[in-house]
Student: 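I'd like to ask some things about the structure below.
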There are 2 protein chains.
Amino acid sequence: MWQTRWMGTTIATARARARAEVRAEIVTEARRQLAVEGAPALSLRSVTRQLGMASSAVYRYFPSRDELLTALIVEAYDGLGAVAETAAAAGGQAFERWRTVCRAIRGWALENPHEYALIFGSPVPGYEAPALTVGPASRVTLVLAGLLVDAHRAGELTDVDAGPLSRAMSVEALRLADLALPDVPLATVAGGLVAWTSLFGQISFELFGQLKGIVEQPEVLFEHAIIVTAGLLGLRPGQLPGPVAAQTEP
Amino acid sequence: MWQTRWMGTTIATARARARAEVRAEIVTEARRQLAVEGAPALSLRSVTRQLGMASSAVYRYFPSRDELLTALIVEAYDGLGAVAETAAAAGGQAFERWRTVCRAIRGWALENPHEYALIFGSPVPGYEAPALTVGPASRVTLVLAGLLVDAHRAGELTDVDAGPLSRAMSVEALRLADLALPDVPLATVAGGLVAWTSLFGQISFELFGQLKGIVEQPEVLFEHAIIVTAGLLGLRPGQLPGPVAAQTEP
DNA sequence: TCAAAGTCAAGAGCAGTGCTCACAATCGCG
DNA sequence: CGCGATTGTGAGCACTGCTCTTGACTTTGA
């Protein structure tokens with residue numbers, strides 16, 4: 001990270017070390033303020049004030065406020081991705097894994113509402129997410145994709161009955177299947193996309209206060225949504241008592 | 001509104017008239033800037049500058065920037081509500097009405113992305129939506145609820161097979177059914193909630209750039225989501241060729 | 001009719017923001 | 001060890017939301 005690779009030798013100059021340290025301090029303080037007051041209230045000046053440095057010093061480390069926000073976005077994506085990955089790592093039946101991952105994602109969102117809003121909320125009009133965010137951003141989607149692949153290989157996917165796919169939808173699903181969901185039925189891929197947007201739509205509605213006055217216990221609705229969206233994937237709760245030696249290599 | 005009721009006589013003083021006019025001008029200009037540059041970039045000063053008045057004058061009409069934003073939020077809710085209502089007013093089969101309303105909502109969102117973000121995006125941390133927004137906000141949900149009620153009365157709802165509802169979910173659904181969905185099966189109510197969040201989750205993902213790099217044609221996925229979510233409601237495309245005299249009164 | 005009361009816009013000003021730039025200090029590498 | 005790149009500083013610019021005083025205007029009531 002803060003090491004300088006040069007001519008094959010890996011050296012970490014004291015300057016680079018100090019630089020990375022200060023940079024980390026800035027990000028840490030920024031994340032702290034983000035968690036407390038939200039992204040709009042995050043100001044460079046307050047960060048530097050807290051760190052005891054001049055307001056202009058931060059520009060030695062981040063060329064603009066947006067760049068600092070980008071760092072926070074990457075951190076948020078990584079945090080969510082890590083949570084999803086550990087949730088999916090716990091084995092078990094496909095439906096149970098789906099449920100576990102969904103709960104983990106919602107749990108992370110409830111614990112880090114401002115980070116969640118930073119990622120899934122309304123984008124800042126002038127801001128364009130840089131390319132280095134796509135990697136961390138795809139971690140959680142890859143988790144969900146892997147879950148479907150595993151379920152399919154274990155034979156735990158039942159057919160989804162949403163009628164025939166439109167030609168255009170088949171094209172989309174086919175492209176995605178080739179990309180990250182080998183051999184998974186196209187109807188499941190298409191349903192998975194809907195389940196995916198439903199999952200985050202649900203969380204966003206809860207977190208952004210859209211359920212207020214309509215649903216009293218969001219977690220109850222979320223649990224129901226888990227079951228319903230699992231149906232879109234071809235997953236049903238407790239259908240197979242678990243094939244014993246189903247964890248076969250392809 | 002701008003009329004002064006006094007001693008039983010209703011008079012509209014020239015002052016009140018002018019006041020309402022200026023207020024409307026401010027809102028109009030603010031909405032124009034909102035549509036162009038988004039809510040964060042909307043500044044009172046730029047609005048007054050455009051209107052040729054002093055920056056402090058606007059505080060005669062809106063006590064704060066948040067109040068002006070509230071007016072814009074109400075307008076946005078009303079705009080979306082009107083679109084949904086006219087879409088639902090066009091009769092036809094229940095599934096077709098569901099599809100028409102969904103498309104209309106998405107169309108409005110695509111045409112007014114910043115207004116949509118204002119309503120369904122991440123909330124401003126300090127801002128609490130006042131009570132006068134709940135009326136306009138509930139218009140679109142009432143449209144969807146009415147659609148379900150009509151479909152049920154017309155006998156166009158098939159049973160949804162998502163397994164038995166949990167006790168807590170039944171309570172939630174029952175409360176909602178008593179509130180706005182008389183006689184509609186609880187499973188449909190529960191599925192309707194999921195469909196509701198899915199619908200807006202889909203639109204938010206598209207509008208907020210979350211589908212970028214994953215789904216190439218969002219409208220294709222949206223059309224698929226319409227069909228899939230209709231299934232959560234117990235609606236299937238073109239199932240009954242339309243019961244002739246089914247529009248019975250209870 | 002004419003002054004009092006109420007209303008409104010303007011301007012100055014405050015505290016805060018992101019960001020730039022010239023300058024000084026300091027630190028470390030060759 | 002000295003030179004140069006790197007880092008921190010403080011002033012300053014243009015902007016924001018918001019407050020408050022001042023002066024002009026309109027409406028009201030005796």
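All chains are named by letter (A, B, ...) in the order of the sequence lines, taking the proteins before the strands, and each is independently numbered beginning at 1. Computed from a predicted structure; not experimentally measured. Every heavy atom of this structure was used, including side-chain atoms; hydrogens, water molecules and symmetry mates were not.
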Student: Students often mix this up, so state it plainly: with edges at 30° and 60°, are the rings of B:F205 and A:F120 parallel, tilted or perpendicular?
Tutor: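 Correct class here is parallel.
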Student: For a quick check, tell me whether the side chain of B:S56 and the base of C:dA9 share a donor-acceptor pair closer than 3.5 Å.
Tutor: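 Answer is no: no donor-acceptor pair is held.
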Student: Kindly point out which of D:dG10, D:dT16, D:dG17 is positioned nearest to the side chain of A:A54?
Tutor: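 Ranking D:dG10, D:dT16, D:dG17 by closest atom to the A:A54 side chain puts D:dG10 first.
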Student: Can you tell me which nucleotide in C:dG18, D:dT9, D:dC18 comes closest to the side chain of A:M53?
Tutor: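 Nearest listed nucleotide: D:dT9.
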Student: Classify the side chain of B:R45 versus the base of D:dG17 as yes if they form a donor-acceptor pair under 3.5 Å and no if they do not.
Tutor: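 In this structure, the two groups form a donor-acceptor pair.
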Student: Taking the six-membered ring of B:Y61, is NZ or CZ of B:R19 closer than 6.0 Å to its centre and within 45° of its axis?
Tutor: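 Yes, a cation-pi geometry.
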Student: Is there a side-chain contact between B:E206 and B:L110, using heavy atoms and a 4.5 Å cut-off?
Tutor: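 They are in side-chain contact.
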Student: Taking all non-hydrogen atoms of both residues into account, name the closest pair between B:A180 and B:L142 and its distance.
Tutor: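 Of all heavy-atom pairs spanning B:A180 and B:L142, the closest is CB-CD2, 4.4 Å.
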Student: Please report the distance, rounded to the nearest Å, between OH in B:Y61 and C1' in C:dT7.
Tutor: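 B:Y61 atom OH is separated from C:dT7 atom C1' by 10 Å.
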Student: Using a cut-off of less than 4.0 Å, is there contact between a side-chain N or O of A:R17 and OP1 or OP2 of D:dT6?
Tutor: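 No, outside the criterion.
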Student: Whole-Å distance between C:dA10 C1' and B:L51 CG?
Tutor: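 Between C1' of C:dA10 and CG of B:L51: 15 Å.
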Student: Among the nucleotides D:dT9, C:dC19, D:dT7, which one has an atom lying closest to any side-chain atom of A:A57?
Tutor: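 The answer is D:dT9.
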Student: Can you check the B:E37 CD to D:dT16 P distance for me, whole Å?
Tutor: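 Value for this atom pair: 11 Å.
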Student: Rounding to a whole Å, what distance do you find between A:L42:CG and C:dT17:P?
Tutor: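 Value for this atom pair: 10 Å.
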Student: For B:R60 and D:dT26, give me the distance from atom CZ to atom C1', rounded to whole Å.
Tutor: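 Between C1' of D:dT26 and CZ of B:R60: 14 Å.
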Student: Side-chain N or O of A:R19 versus OP1/OP2 of D:dT7: is the shortest distance under 4.0 Å?
Tutor: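 A:R19 to D:dT7 OP1/OP2: side-chain N or O found under 4.0 Å.
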Student: Rounded to whole angstroms, how far apart are CZ on A:R65 and C1' on D:dC15?
Tutor: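 It works out to 14 Å between those atoms.
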Student: In whole Å, I'd like the distance from the CD atom of B:E21 to the C1' atom of C:dA9.
Tutor: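 To the nearest whole Å, that distance equals 17 Å.
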Student: Is there side-chain contact between A:S122 and B:Y116, with heavy atoms separated by less than 4.5 Å?
Tutor: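 Result no, sub-4.5 Å side-chain heavy-atom pair not found.
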Student: Choosing from D:dT16, D:dG8, D:dT19, which nucleotide comes nearest the side chain of B:Y59?
Tutor: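 Nearest nucleotide to the side chain: D:dT19.
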Student: Rounded to the Å, how far apart are A:E67 CD and C:dG18 P?
Tutor: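 My rounded result for the distance is 15 Å.
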